[in-house]
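Reminder, nothing fancy here: chain letters follow the sequence lines and each chain counts from 1. Not measured: the values here are computed from a predicted model.
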Protein chains: 2
Amino acid sequence: MPTQCRYCPLQRKDAFLPLSKDELSFMEKFKSGELTVEPGTPILLEGSNAPQLFTALSGMGIRDKTLENGKRQVINFVFPGDFIGLQAGVMGEMGHSVEARTHMRLCVFNRSEFYNFFKSHPERAFDITWLAAIEEHFMGEVLATIGQRTATQSVAWALVKIFERGRSLGMVTQNQMPLPYTQRDLADALGLSLVHTNKTLAALKERQLLSWSDRILQINDLEALAKEGLTSLEGRQKRPLM
Amino acid sequence: MPTQCRYCPLQRKDAFLPLSKDELSFMEKFKSGELTVEPGTPILLEGSNAPQLFTALSGMGIRDKTLENGKRQVINFVFPGDFIGLQAGVMGEMGHSVEARTHMRLCVFNRSEFYNFFKSHPERAFDITWLAAIEEHFMGEVLATIGQRTATQSVAWALVKIFERGRSLGMVTQNQMPLPYTQRDLADALGLSLVHTNKTLAALKERQLLSWSDRILQINDLEALAKEGLTSLEGRQKRPLM
DNA sequence: CGCACAGTTGATATTTCTCAATAAGGGTGG
DNA sequence: CCACCCTTATTGAGAAATATCAACTGTGCG
């Protein structure tokens with residue numbers, strides 16, 4: 001028996017908007033189970049028409065897509081609370097793949113009930129659209145990063161964003177947070193070569209702004225790093241949780 | 001008195017899913033008017049909390065955002081049928097600006113009724129989410145382009161996408177379609193410098209694949225151009241129209 | 001006429017990529 | 001337990017792609 005939504009640990013994180021009792025019990029009906037996967041497990045495949053949607057409950061993953069020439073683009077990193085599979089749910093086909101990078105626990109929803117969802121709970125339907133808009137907003141920022149920032153600025157920007165995200169989820173302790181990705185993942189996310197990403201990271205480390213090894217990211221001067229990344233530290237606003 | 005939705009010329013384009021009579025009359029209530037703007041007019045501003053949402057009825061525009069260092073990223077190009085202002089509608093703040101590039105006619109919706117929308121017409125709410133998912137899907141492709149394709153591949157890819165989009169809207173006659181953007185727009189969309197974009201276009205023209213001058217894009221060999229852009233010509237599927 | 005903007009072109013500078021080699025760690029089979 | 005292999009990270013050197021700078025053209029417009 002999966003944990004009931006009212007006991008969902010994400011509920012209590014202040015990164016998320018709280019759900020009403022009514023909404024919670026509705027989500028419990030919508031929830032069809034839980035899925036636990038190990039690192040490296042594919043969760044959704046690009047081009048697939050998946051019958052299930054997920055919310056990441058714990059652990060981290062990655063979204064990516066592959067070009068005809070074999071090159072890979074990382075779309076973004078999956079954190080707890082992320083909704084996975086919207087594209088399949090509404091368009092019938094994923095534009096990217098999702099893969100676990102750590103042990104992950106996922107809340108599973110049945111796609112066949114997705115449309116019902118809109119019918120019976122407009123507030124929740126609105127929240128899904130909200131999530132989609134947040135995603136679109138963020139992807140605009142990523143576009144601007146890959147398109148307009150230099151390698152150093154890009155890396156700084158990305159790590160600031162990741163760190164802020166981690167902080168809002170309570171993953172940061174003493175300026176450190178777990179970051180279970182490889183330099184290749186970051187390189188593919190930023191449209192940079194692995195080698196150049198490595199050298200860029202080394203330079204930032206040299207400047208004492210951060211260190212990232214053994215899957216631990218430590219940021220020593222977030223302000224300075226944000227400045228380097230041509231961004232500022234806005235307080236992250238709460239988002240809906242599915 | 002604005003044109004009633006049932007007479008909307010976009011309705012009849014086969015790029016869009018048809019609306020039921022019921023939906024049409026509902027949209028007429030939701031519609032608060034029409035807006036006509038001239039080239040260069042800003043429609044929505046990055047960071048603004050706009051009270052209105054739009055659907056482009058005719059004409060073309062551009063979405064862009066500006067970095068702290070003044071660099072500009074074009075997010076995408078606005079075509080007839082595009083829904084504008086979702087981010088403001090649901091998050092309360094636009095992540096990019098929208099500006100007219102030709103004379104444009106816009107269908108105006110009142111944001112204050114946006115939430116109602118979800119309550120009273122779940123099918124239409126679903127369609128909004130669908131549009132958001134399409135946008136997200138496309139932006140993933142753009143990310144992969146800027147991040148992984150070479151300049152030549154990027155330009156070829158972009159023009160193929162634009163041409164396909166134009167074709168689905170009936171804007172193509174004899175391999176030609178209007179393209180009221182500048183080379184700078186395209187450069188800023190692809191994260192390339194203006195000069196390099198110009199030379200890349202010249203090379204593609206030299207190869208007789210296309211020509212683009214006087215705001216007219218002509219593609220001579222779409223197949224070959226698609227191949228150059230590492231993409232294929234999938235039949236574009238119908239999308240919802242707001 | 002003169003100015004602003006879009007496009008074009010050549011020369012040069014810089015960033016970033018590719019190639020190649022090395023090192024460290026984890027896992028596995030013998 | 002050791003030898004081997006695979007992945008990840010690291011570093012140096014040279015190559016390629018792309019950016020920057022600068023000059024020039026044509027066009028539309030007040």
### Message
Tell me the closest heavy-atom pair linking A:A132 and B:A132, and the distance in Å.
### Response
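That closest heavy-atom pairing would be CB-CB, 3.6 Å.
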NA contact type, [X], heavy-atom cut-off 4.0 Å: base, sugar-phosphate, or nothing?
{"X": "B:S193", "result": "base"}
{"X": "B:G191", "result": "sugar-phosphate"}
{"X": "A:T150", "result": "sugar-phosphate"}

### Query
In terms of side-chain heavy atoms, does B:H103 have a donor or acceptor partner in B:E38 at a distance below 3.5 Å?
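Looking only at side-chain atoms, B:E38 and B:H103 do form a donor-acceptor pair, the distance falling under 3.5 Å.
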### Query
Are A:E135 and A:N76 close enough that a side-chain donor and a side-chain acceptor fall under 3.5 Å?
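Judged by distance alone, the side chains do pair up.
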Between [N] ([atom2]) and [X] ([atom1]): distance, integer Å:
{"X": "B:E206", "N": "C:dT8", "atom1": "CD", "atom2": "P", "result": "13 Å"}
{"X": "A:Y181", "N": "D:dA9", "atom1": "OH", "atom2": "P", "result": "14 Å"}
{"X": "A:L194", "N": "D:dA9", "atom1": "CG", "atom2": "C1'", "result": "8 Å"}
{"X": "A:Q148", "N": "C:dT15", "atom1": "CD", "atom2": "P", "result": "16 Å"}
{"X": "A:H196", "N": "D:dA17", "atom1": "NE2", "atom2": "P", "result": "17 Å"}
{"X": "A:L186", "N": "D:dT10", "atom1": "CG", "atom2": "C1'", "result": "16 Å"}
{"X": "A:L192", "N": "D:dA9", "atom1": "CG", "atom2": "P", "result": "15 Å"}
{"X": "A:D185", "N": "D:dT8", "atom1": "CG", "atom2": "P", "result": "8 Å"}

#### Entry: Below 4.0 Å: OP1/OP2 of D:dT10 and any side-chain N or O of A:Q183
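Result: yes.
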### Message
Check this one for me: any side-chain N or O of B:N198 less than 4.0 Å away from OP1 or OP2 of C:dG7?
### Response
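The answer is no; no side-chain N or O of B:N198 sits under 4.0 Å from OP1 or OP2.
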### Message
Between the base of C:dG7 and the side chain of B:K199, is there a donor and acceptor pair under 3.5 angstrom?
### Response
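Result: no qualifying N/O pair found.
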### Query
Relative to the ring of B:W157, is the ring of B:F138 parallel (under 30°), tilted (30 to 60°) or perpendicular (over 60°)?
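Plane angle under 30°, so parallel.
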### Proximity of A:F54 and A:F83 rings by center, below 6.0 Å
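For A:F54 and A:F83, the ring centres are not under 6.0 Å apart.
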